[in-house]
2 protein chains.
Amino acid sequence: MLQDNMIFPQHDCSGCPIRHRAVCARCDAHELELLEEIKYYRSFEAGQTVVWSGDRMDFVASVVSGIATLTQTMEDGRTQMVGLLLPSDFVGRPGRDGAAYDVVATSDVVMCCFRKKPFEQLMETTPHIAQRLLQMTLDELDAAREWMLVLGRKTAREKIASLLAIIARRDATLNLITPKGKLVFDLPLTREAMADYLGLTLETVSRQISALKRDGVIVLEGKRHVIVPDFTRLLEEAGDDNDGGLLV
Amino acid sequence: MLQDNMIFPQHDCSGCPIRHRAVCARCDAHELELLEEIKYYRSFEAGQTVVWSGDRMDFVASVVSGIATLTQTMEDGRTQMVGLLLPSDFVGRPGRDGAAYDVVATSDVVMCCFRKKPFEQLMETTPHIAQRLLQMTLDELDAAREWMLVLGRKTAREKIASLLAIIARRDATLNLITPKGKLVFDLPLTREAMADYLGLTLETVSRQISALKRDGVIVLEGKRHVIVPDFTRLLEEAGDDNDGGLLV
DNA sequence: CGTTACTTTGAGCCTGATCAAGACACGTGG
DNA sequence: CCACGTGTCTTGATCAGGCTCAAAGTAACG
């Protein structure tokens with residue numbers, strides 16, 4: 001379970017790929033030392049469940065690499081994704097014992113975990129951590145509200161276009177590109193995961209992707225590799241007139 | 001616009017009805033004094049818009065009394081409510097200049113406003129404020145995720161039952177009652193506002209309320225006064241098996 | 001090759017949207 | 001007091017977008 005050394009030889013935070021975006025982003029050298037004392041890495045294979053909703057969770061964590069999802073499931077099996085966790089995103093809630101959602105690794109995932117109790121103590125004494133966490137939580141809340149508009153009011157076609165736009169934008173900004181004109185990226189989600197994200201069935205997802213392809217809004221190479229010839233066109237299809245602040 | 005003295009004679013926080021739940025909940029006497037220096041009251045009539053999305057917002061605020069909504073609107077007029085603001089809820093985002101959503105007073109509303117700049121400075125120096133705001137934001141994020149399940153996966157009937165359950169539960173806890181058995185409350189929203197909350201049309205809302213009435217899940221006196229004979233039954237209709245943590 | 005997971009496509013149905021009309025409550029002015 | 005207007009809500013008839021059920025195509029892998 002703890003294969004940190006295999007994947008991230010450094011226990012040292014200074015070389016960490018998410019150093020400047022994660023919950024530790026604002027920490028100074030001394031604060032990082034305190035964090036290092038309570039941290040450990042865990043890795044998960046694609047498809048593996050990190051925690052089950054309701055389970056006791058004795059750690060909080062940052063996603064270092066890979067993609068995980070937060071999902072809710074009703075008794076009859078209907079599921080809704082409520083969070084998409086990308087590198088640097090934070091998992092778990094300080095001050096709560098149990099997990100509120102299922103956390104599932106969609107790809108192979110590495111997490112930087114902090115033992116919860118000492119992390120909570122650090123939050124009291126180290127304002128930089130709490131400040132950054134507040135900022136990240138506010139961003140997530142904005143993303144959740146954007147997502148609510150998608151779920152509540154958009155058509156299936158607009159939902160797909162919105163999701164593609166979100167992924168395309170994130171991918172572009174990660175590569176330090178301003179999202180416009182032609183973009184290329186890989187879908188990190190199966191059709192079923194996309195359906196759970198958007199409140200659709202996987203058949204509808206498949207059909208709408210085919211429709212967008214047929215209409216030239218996107219070009220597919222294989223099932224997962226997407227080329228967007230004109231990002232503005234995609235935004236129009238998403239119903240976003242402005243290049244609005246959809247963030248993940 | 002500033003009719004504070006009419007409605008809340010005390011500029012003094014100690015007698016404030018939301019003293020123990022708002023963003024200032026953890027503040028001590030001294031911290032409250034600092035807040036009092038930068039605060040002022042504003043009141044709004046039912047139907048009035050507090051701020052428009054995109055507008056500059058030079059304050060943050062707590063709802064003292066009344067109900068307001070956060071809504072997003074697409075160019076073609078489709079609207080989705082993304083937040084329901086009740087007494088003690090917080091409005092605005094520290095560190096952002098413009099409003100991200102329309103804020104509309106659904107009933108007559110009184111807000112306790114803080115000038116943004118000095119409030120942001122206080123957040124740096126007064127950890128109790130930032131701590132409380134983090135807690136509140138995490139709660140809102142949980143509520144938003146619960147809401148996403150409602151929007152994405154529930155049927156119209158379940159959506160209505162879910163909303164009624166949320167309002168009933170909040171109303172009950174406000175009156176220090178454990179929500180179970182028979183509950184009585186008033187709907188603070190029009191059918192249209194409920195539709196915007198749930199991603200439905202107002203006709204569907206009306207029909208489903210009639211259906212729940214016909215099936216004895218609720219009893220109506222007038223359009224807005226609701227009697228729930230059996231709260232457990234309502235939760236079943238909502239698709240929530242457990243008495244899960246739906247919060248507003 | 002055969003298995004398995006993922007995806008696409010088709011046919012028919014159903015839930016909720018749309019369009020339309022009327023009911024009800026309330027206030028205003030003649 | 002009534003006529004009228006307005007905002008809110010209810011109900012009906014019809015339509016269509018997305019779901020369900022079903023089958024077949026594709027690719028990776030042992």
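Chain identifiers are assigned alphabetically (A, B, ...) following the order of the sequence lines, protein sequences preceding nucleic acid strands; residue numbering begins at 1 within each chain. All values derive from a computational prediction rather than experimental measurement.
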ask   = Between A:Arg153 and A:Glu192, which is nearer to the 5' end of DNA chain C once each is assigned its nearest nucleotide?
value = A:Glu192
Gap between atoms [atom1] and [atom2], on [X] and [N] respectively (whole Å):
| X | N | atom1 | atom2 | result |
| --- | --- | --- | --- | --- |
| A:Leu189 | C:dC6 | CG | P | 12 Å |
| B:Asp76 | C:dA17 | CG | C1' | 14 Å |
| A:Leu220 | D:dA27 | CG | C1' | 15 Å |
| B:Leu187 | D:dT10 | CG | P | 10 Å |
| A:Lys154 | D:dG18 | NZ | P | 13 Å |
| A:Ile160 | C:dT8 | CD1 | P | 10 Å |
| A:Leu151 | D:dG18 | CG | C1' | 15 Å |
| B:Leu198 | C:dG16 | CG | C1' | 13 Å |

Counting N and O atoms only, with roles assigned by atom type, does the side chain of [X] sit under 3.5 Å from a partner on the main chain of [Y], one being a donor and the other an acceptor?
| X | Y | answer |
| --- | --- | --- |
| B:Thr49 | B:Val104 | no |
| B:Asp142 | B:Asp139 | no |
| A:Gln80 | A:Asp196 | yes |

Shortest side-chain distance from [X], nucleotide among [options]:
| X | options | value |
| --- | --- | --- |
| A:Arg191 | D:dG18, D:dT10, C:dT7 | C:dT7 |
| B:Glu203 | C:dT7, C:dT9, D:dT11 | D:dT11 |
| A:Arg224 | C:dT7, D:dC9, C:dC19 | C:dT7 |
| B:Leu202 | D:dT10, D:dG18, C:dG16 | D:dT10 |
| B:Thr204 | D:dA22, C:dC19, C:dA17 | C:dA17 |

Below 4.0 Å: OP1/OP2 of [N] and any side-chain N or O of [X]:
| X | N | answer |
| --- | --- | --- |
| A:Ser210 | C:dT8 | no |
| B:Arg207 | C:dT15 | no |
| B:Ser206 | D:dT10 | yes |

Classify [X] by what it touches in the nucleic acid, base, sugar-phosphate, or nothing, heavy-atom distance under 4.0 Å.
| X | result |
| --- | --- |
| A:Gly47 | nothing |
| B:Thr201 | base |
| B:Ile209 | nothing |

key: Over 12 non-hydrogen atoms of neighbours within 6.0 angstrom of CD in B:Glu192   = no
message = So for atom CZ, which belongs to A:Arg78, do other residues, nucleotides or ligands contribute more than 12 heavy atoms lying within a distance under 6.0 Å?
response = yes
query = Parallel, tilted or perpendicular: which describes the rings of A:Trp147 and A:Tyr197, with under 30° parallel and over 60° perpendicular?
reply = parallel
Toward the 5' end of DNA chain D, by each residue's nearest nucleotide, A:Gln208 or A:Lys223 = A:Gln208
